Amino acid sequence: MSNAIIELRKVGKWYNSYHALRDVSLTIGKGEKVVVCGPSGSGKSTMIRCINRLEAHQTGHIIVNGTELTDDVKSVEKVRKQVGMVFQNFNLFPHLTVLQNLTLAPIWVRGMAKSEIEEIAMMYLRRVRIPDQAHKFPGQLSGGQQQRVAIARALCMRPEIMLFDEPTSALDPEMVKEVLDVMIELANEGMTMVCVTHEMGFARSVADSIVFMAEGSIIESGSPAEFFENPKSERTRQFLGQILEH
Amino acid sequence: MSKDNPSQPSAAWAASYEEEPSQAGVPPSPGGMTALKPFGWAKDNLFNSRLNTVLTLICLAILWFAVPPVVSWVLLDATWTGSSEACREAVGACWSVIVVKHRLIFFGTYPFDEQWRPFLACGLFVAMLGVSGVRAFWRPWLVGAWALVLVGMGVLMWGGVLGLTHVPNDKWGGLPITLMLSVFAIALAFPLSILLALGRQSSLPAIRSICVGFIELMRGVPLVSVLFMASVMFPLFLPEGVTIDKLLRALAGLTLFTAAYLAEAVRGGLQAIPRGQYEAADALGLGYWQKTWLIVLPQALRIVIPPIVNQFISCFKDTSLVTIVGLYDLLTAATVATTDPEWRPFFAEVYVFAGLVFWIFCFSMSRYSQWLERMANRYNRR
């Protein structure tokens, strides 16, 4: 694909003797929304954490927006500036206010002026519908609000790509929707998104393609229609059977 | 209405001591209504079980036997202004020894007629420390003010300019030595300890081994031997003709020793920071020093305020060990004061007084740390 923004070629990773990723190859085009699913321990989190090198891969190649990730700190810095990440446990900085959480990295990494980025940050807080919480500390917010702050924080760096690592798994059920709504909006604006999630409704309506992983390998990938209606492998059918039963 | 609103201190308490909520020992009185009446309170808290009743009675008995003799020795039977003969006849404490010897205790062998200089220097120093503790004054000008005060203190203590006679620093003694040694040792050891703690967690084996080696060496050796080494052995390594002041060598020894202990306290804080904080900082593209300075240290240091202040207090008291390398700190000067044959019988009063001076400084640090903790943990409130 010529407009590929993320490219994984035969990526392998081990934790000591545990083989976490086995020859994972995946190409994601600009503006594409990819949902990664699979049973726990399948390597889906490890894979997306390799894309911004929170984890280092050991074999194969990962190329993000034209930069290959290597041990070279420069390449890692360059990629991280273009890739935003949202974590399962939000990982907001508890000692900083919501607004400071948003402005910290743009000020220190991008060298933006405080007044300028504060205005942008407020714009993002309005978009995730919590501008009135700007001066509170993360500990004073609900889980859903914290996760929306985390999304706004990543967006303030103006990333080309957004990674979501189980963004709704740590939330109370009634807060899942407010976070998914923000993610859907983001998807509609054309952001490139890679999302590890078990929210199959979200996958069905938003994803351009769904990647199913098990035991460190990609078992199959395809459009939501194909994936849900006509899964190719037995392993996929088994997984879908388990999560769609309820 | 009860004078103090019970919900407020307990909220602050819970915020700063989340891990040990029952530290107060006395369980909170149920309902709070009974707290208004002293008898009800005593019944609920002191006599609420057979064991507690016995313990309360034992404590009362101890107080009954201990308090009156102490009070009469310290206050009622004490001599405040008399001569040493008057003291010998009295049964209580002889506080006149303090009146007579306080200059020697506070300023040691500093020339008697010039002792207003160390007095003024100490006053400036303590005032500046007080100012530095106030949050509203944490502004860039504070650094300039410190520079001015330090220069001013140097001029006062050493003299030799502005018509002040020169006083070499082997004449210094008493409170200025204790204050300056401890404050400078703490001020230098603290940043050093942060570097050591970070180095101990470094992924670079060379840096890690140096830091671990240094910390373990310093922690494994008594402070007395560190001071001896700094004072006796260190000069042996210097080229001939080069000497480093005795005070400076003691300061170096004290600093390195304190830094090793502080480093372990700081490391405890670093380890308490969840991995997700590092990952979030990495994902945002912050570099190592940015991550450390903006995310990790602000959280880690807040957690370890109690052990850090503990170490500060310990360092303050440890300065009294510099006597073994021939420096006159407050306690040594007090000891010298007791060698006067006329006042020799009243050494206890002199030590009580020296202890009181130490206690005032240590207690201030302790109170300040409690305030600092409450302020620093504001963000924990919900």
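Just so we're on the same page: letters track the sequence lines, and every chain starts at 1. This structure is a prediction, so every number in the text was calculated from the model and none was measured. Excluded from the calculations below are hydrogen atoms, water molecules and symmetry mates; all remaining heavy atoms, backbone and side chain alike, are included.
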Can you tell which part of [X] gets under 4.5 Å to a heavy atom of chain B, answering side chain, backbone, both or neither?
| X | answer |
| --- | --- |
| A:Arg49 | side chain |
| A:Leu163 | neither |
| A:Phe93 | both |
| A:Gln100 | neither |
| A:Asn52 | side chain |

Legend entry - Donor-acceptor pair, side chain of A:His95 and main chain of B:Leu294, under 3.5 angstrom: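 It does hold such a pair.
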
Inset, instruction - Determine, for A:Tyr124 and A:Arg153, whether the Lys NZ or Arg CZ falls below 6.0 Å from the six-membered ring centre while staying within 45 degrees of the axis. - result: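 Geometry flag: not set, cation outside 6.0 Å or 45°.
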
Inset, instruction - Give a yes or no on whether a salt bridge exists between B:Glu216 and B:Arg200, defined as a side-chain N under 4.0 angstrom from a carboxylate O. - result: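 The answer is yes: the pair qualifies as a salt bridge.
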
Inset, instruction - Indicate yes or no: does A:Arg148 engage A:Asp181 in a salt bridge with an N to O separation below 4.0 Å. - result: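 A:Asp181 and A:Arg148: not salt-bridged.
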
Inset, instruction - Please list, in residue-number order, every residue in residues 274-291 of chain B that has a heavy atom less than 4.5 Å from any heavy atom of chain A; write 'none' if there are none. - result: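 Residues B:Arg275, B:Gly276, B:Gln277, B:Glu279, B:Ala280, B:Ala281, B:Asp282, B:Ala283, B:Leu284, B:Gly285, B:Leu286, B:Gln290 are the ones that qualify, each having a heavy atom under 4.5 Å from chain A.
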
Inset, instruction - With rounding to the nearest 0.5 Å, note down the distance linking SG in A:Cys50 to CD1 in A:Ile6. - result: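 Atom-to-atom, A:Cys50:SG and A:Ile6:CD1 are 12.0 Å apart.
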
Inset, instruction - For A:Gln88 and A:Asp165, test the side chains for any donor-to-acceptor distance below 3.5 angstrom and give the result as yes or no. - result: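 Per modelled atom types, A:Gln88 and A:Asp165 side chains form no pair under 3.5 Å.
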
Inset, instruction - Mind listing the closest non-hydrogen atom pair of A:Val194 and A:Ile48 along with its distance? - result: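 Scanning both residues completely, I find the closest heavy atoms to be CG1-CG2, 3.7 Å.
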
Legend entry - Residue that, paired with A:His61, satisfies side-chain hydrogen bond (donor to acceptor under 3.5 Å, both in side chains) out of A:Arg9, A:Glu7, A:Glu68: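 Only match with A:His61 under side-chain hydrogen bond (donor to acceptor under 3.5 Å, both in side chains): A:Glu68.
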
